[in-house]
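Below: one structure, written as structure tokens.
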Amino acid sequence: QVQLVESGGGLVQAGGSLRLSCEASERTFSSYAMGWFRQAPGKEREFVAAISGSGGSTLYADSVKGRFTISRDNAKNTVWLQMNSLKPEDTAVYSCATRRTDGSPWTPRRVYEYTYWGQGTQVTVSS
């Protein structure tokens with residue numbers, strides 16, 4: 001069982017920045033890919049970004065590409081989501097998720113691919 005704890009959400013004006021953190025309890029953290037998803041009221045959970053266990057590969061949703069950056073430090077069991085140039089449409093509950101990877105093909109954008117989830121942190125962007 002891997003526990004994930006997010007932090008860093010809050011209220012920010014449009015154009016501002018926030019940095020989300022997700023700390024994992026797993027000691028073999030580098031064996032786990034990490035993803036960030038978000039869910040706005042009345043909408044389905046959507047993919048935001050993902051990063052491989054080594055940190056050498058990243059993937060972004062088109063809607064955040066160029067504005068958000070995912071990164072990780074395996075020594076600290078932590079992954080971050082740096083969010084710049086925030087827009088009101090970025091308002092949502094942001095959750096981190098993880099799955100152990102073994103080299104088999106998988107689809108990082110899909111919710112069902114992830115095994116463990118954090119409780120989420122609210123991000124609100126005012127116009």
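Throughout, numbering of the chain's residues begins at 1 and tracks the sequence. All values derive from a computational prediction rather than experimental measurement.
- The ring-ring contact (aromatic ring centres under 6.0 Å, His included) check on Phe47 picks up Phe37, with sequence neighbours excluded.
- Salt bridge status for Lys87 with Asp90: absent, with no side-chain N to carboxylate O gap under 4.0 Å.
- For Ser30, the side-chain contact (heavy atoms from CB on, under 4.5 Å) criterion is met by Asn74, not counting sequence neighbours.
- Connectivity analysis of hydrophobic side chains (ILVMFWY, heavy atoms under 4.5 Å, direct or indirect) links Leu11 to nothing; its cluster partners are none.
- Among residue pairs with one or both ends in residues 42-82, none qualify as disulfide bond (SG atoms under 2.5 Å apart); sequence neighbours excluded.
- Looking at residues two or more places apart in sequence or on another chain, you find a side-chain contact (heavy atoms from CB on, under 4.5 Å) between Arg110 and Thr107, Tyr112, Glu113.
- Sorted by first and then second residue, the disulfide bond (SG atoms under 2.5 Å apart) pairs with a member in residues 18-111 read Cys22-Cys96; sequence neighbours excluded.
- Side chains of Gln122 and Thr124: a donor-acceptor N/O pair is present below 3.5 angstrom, by distance only.
- Taking both residues in full, the closest heavy atoms of Ala75 and Asp73 are given as N-OD1, 3.0 Å, listed atom of the first, atom of the second, then distance.
- Partners of Arg109 under the salt bridge (Lys or Arg N to Asp or Glu O under 4.0 Å) rule, at least two apart in sequence or in another chain, do not exist in this structure.
- Under the 4.5 angstrom side-chain criterion for Ile, Leu, Val, Met, Phe, Trp and Tyr, the cluster partners of Tyr116 are Val2, Leu4, Val12, Leu18, Leu20, Phe29, Tyr32, Met34, Trp36, Val48, Ile51, Tyr60, Val64, Phe68, Ile70, Val79, Leu81, Met83, Leu86, Tyr94, Val123, Val125.
- Screening residues 3-18 for side chain to side chain donor-acceptor pair (under 3.5 Å) gives Glu6-Gln119, Ser17-Asn84 as the qualifying pairs, with residues at least two apart or on separate chains.
- As a member of the Ile/Leu/Val/Met/Phe/Trp/Tyr network built from side-chain separations under 4.5 Å, Val93 groups with nothing else and remains a singleton.
- Residues that satisfy the side chain to side chain donor-acceptor pair (under 3.5 Å) test with Arg45, not counting sequence neighbours, are absent from this structure.
- Partners of Thr101 under the side-chain contact (heavy atoms from CB on, under 4.5 Å) rule, at least two apart in sequence or in another chain, are Ala33, Arg99, Trp106.
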